[in-house]
Trainee: 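Before I ask anything, here is the structure I am working with.
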Amino acid sequence: MAAGALCGASSCTTLGGLGGRPRRVSGDVRVAVAGLRTKGWQLASHLATLPGVRVVALCDVDRDILAERTKQLEVDHGVTARGFADFREVLDLKDVDAVALGTPNHWHALQTLWACQAGKHVYVEKPATHTLFESSLVPRAAARYGCIVQAGTQNRSDVGLREAFPWLRKGGLGRMRRIHAVVYRLRPSIGRTEGPQKLPPSVDYDLWCGPAPMKPLRRKSLHYDWHWFWDTGGGEVSNQAPHELDLVRWLLGDPAGPSSVLTVGGRLGYEDDAETPNTVLSLLQFREMPVLFEVRGLPMKKDSDAEPAYQGVRVGVVVDCDDGYFAGGRGGGKAYTHDRKLVRHFPGDGGAGHMANFIDAIRSGRAEGLHAPIKVSAASADLCHLVNISYRVGRQVDPGPAGAALRGDREGSEAFERLTEHLEANGVDTKKSMLTLGSHLAWDDGARRFTAGTDFEKANALISREYRSPYTLPDIR
Ligand SMILES: NC(=O)c1ccc[n+]([C@@H]2O[C@H](COP(=O)([O-])OP(=O)(O)OC[C@H]3O[C@@H](n4cnc5c(N)ncnc54)[C@H](O)[C@@H]3O)[C@@H](O)[C@H]2O)c1
């Protein structure tokens with residue numbers, strides 16, 4: 001699996017700075033930001049306001065976006081930055097200490113690896129990786145090249161959650177019994193296209209695709225909607241949910257991966273060009289406790305734009321404990337008794353200090369102070385990959401067998417009932433519609449292999465991907 005995806009560092013990239021270790025930063029931290037349309041621009045604007053930080057370069061493969069953001073940085077912040085289309089040129093710059101990556105998911109690991117090899121510190125958006133295999137390489141590169149690498153899972157810096165989670169782990173509500181993570185965000189249809197679509201002329205499509213196959217565009221929008229195609233994204237599971245699955249691992253004490261995963265779901269309620277599910281229910285068995293995870297992209301009911309909620313949580317976690325439950329997510333949360341009396345409120349700040357935490361770690365030269373170090377973040381991204389792989393090797397069934405597969409787990413079974421009601425409320429005829437019943441896969445986190453479950457060898461084939469030359473992964477040992 002791995003060997004096919006790797007090549008010797010010298011033959012992989014055209015990097016000038018290969019092998020460089022990061023310089024100790026004593027003055028301003030000089031940052032380059034890549035992927036500027038949405039999140040990357042937020043990162044650049046935030047960085048421009050941090051004391052002792054200078055945004056010195058911007059990079060985007062869409063020259064219109066690059067030009068617009070470069071101008072905007074001047075106007076909004078009085079900062080003049082050099083612009084680049086090719087990220088590899090940024091890595092040659094001697095006056096760049098760190099890079100911030102707001103590029104699409106399929107680029108995260110490769111750009112992180114290249115940056116570490118060039119001696120740059122990295123802030124990489126979530127999910128830190130696009131495959132399970134990438135998750136084993138990236139932390140190794142950070143350690144090997146002595147780079148500070150933090151992921152954009154900013155909930156780890158939320159002051160409310162930083163107080164609440166240790167309290168829960170110490171038994172604030174008695175023993176934790178189960179975690180239920182939910183991501184209920186409206187994700188409407190992206191529509192249907194007839195044949196290949198025109199690419200924006202301002203985009204270097206070879207660079208946009210990078211390691212992914214360079215296929216004709218089969219959606220209306222190149223940008224953002226890449227989330228809904230397996231080559232470049234992982235659906236809502238790898239879009240919003242890396243945050244909530246990261247909360248799950250944090251609550252569990254950042255343990256090894258689960259021993260098994262079973263996902264059911266589908267893309268239901270509309271037909272469009274996308275590949276990934278808008279409805280997911282997954283059961284992850286950790287040694288510590290079982291975890292239920294749900295995605296709903298449809299509204300509360302047909303023709304409404306209200307989002308559903310579970311125990312008052314739309315996007316976040318509900319932690320069931322012996323003496324009550326905790327409900328929360330970004331922005332903090334609340335602990336209740338089982339009869340819903342408030343025990344404690346943990347107001348949060350959304351992780352406002354997350355980037356500053358990264359900059360502080362660069363200054364101190366100590367990765368230990370990071371709130372979302374790459375080792376932790378890559379392991380959290382793994383949960384997205386495991387959920388998706390179970391789904392991808394699944395088969396189409398009517399809802400009967402899908403429900404039966406969860407019957408061994410009472411909460412899973414109840415969640416499936418609620419999922420069915422939710423689909424019915426959206427006009428989906430669950431008697432006729434097919435669902436995907438994923439494979440119930442056994443996962444050996446130490447060996448990094450699936451070891452059992454229907455079609456588990458097909459699942460093993462999805463641990464890595466084909467990398468389109470020259471965008472292959474460097475060999476990091
Ligand atoms: N932490 C958060 O809360 C949060 C919020 C939103 C998005 N994100 C993450 O940010 C990333 C980007 O999401 P988005 O919504 O901004 O996507 P987007 O499609 O709106 O923007 C991506 C940008 O990257 C550019 N790009 C593509 N390949 C590139 C390359 N090789 N080099 C330089 N630029 C390249 C594109 O041209 C585009 O401008 C995703 O991974 C997403 O998960 C994180």
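Both counts, for ligands and for their atoms, begin at 1 and track the order of listing.
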Trainee: Applying side chain to side chain donor-acceptor pair (under 3.5 Å) to His371 and Gln150, what does each step give before you reach the verdict?
Mentor: CA-CA 8 Å; His371 292 166; Gln150 166 119 302; 5.7 Å; no

Trainee: Tell me whether the guanidinium CZ or amine NZ of Arg219 lies under 6.0 angstrom from the six-membered ring centre of Trp228 and within 45° of its axis.
Mentor: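 Judged by the rule (NZ or CZ under 6.0 Å from the ring centre, within 45° of its axis), Arg219 is not positioned above Trp228.
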
Trainee: Should the pair Arg314 and Tyr184 be classed as cation-pi, given the thresholds of under 6.0 Å to the six-membered ring centre and 45° from the axis?
Mentor: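 Checked: cation-pi criterion not met.
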
Trainee: Going by atom types only, do His227 and Asn239 share a side-chain donor-acceptor pair under 3.5 Å?
Mentor: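 Side chains of His227 and Asn239: pair found under 3.5 Å.
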
Trainee: Could you work out, with side chain to side chain donor-acceptor pair (under 3.5 Å) as the rule, every residue matching Gln111, not counting sequence neighbours?
Mentor: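 By the side chain to side chain donor-acceptor pair (under 3.5 Å) rule, Gln111 matches Thr103.
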
Trainee: Students should find this: residues with any non-hydrogen atom under 4.0 Å from ligand 1. What is the answer?
Mentor: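 For ligand 1, the contacting residues are Gly35, Leu36, Arg37, Thr38, Lys39, Cys59, Asp60, Val61, Asp62, Ile65, Gly102, Thr103, Pro104, Asn105, Trp107, His108, Gln111, Glu125, Lys126, Gly152, Gln154, Leu207, Trp208, His223, Tyr224, Trp226, His227, His243.
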
Trainee: Once you measure the plane-to-plane angle for His106 and His130, does it fall in the parallel (<30°), tilted (30-60°) or perpendicular (>60°) bin?
Mentor: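 Perpendicular: the ring planes of His106 and His130 meet at over 60°.
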
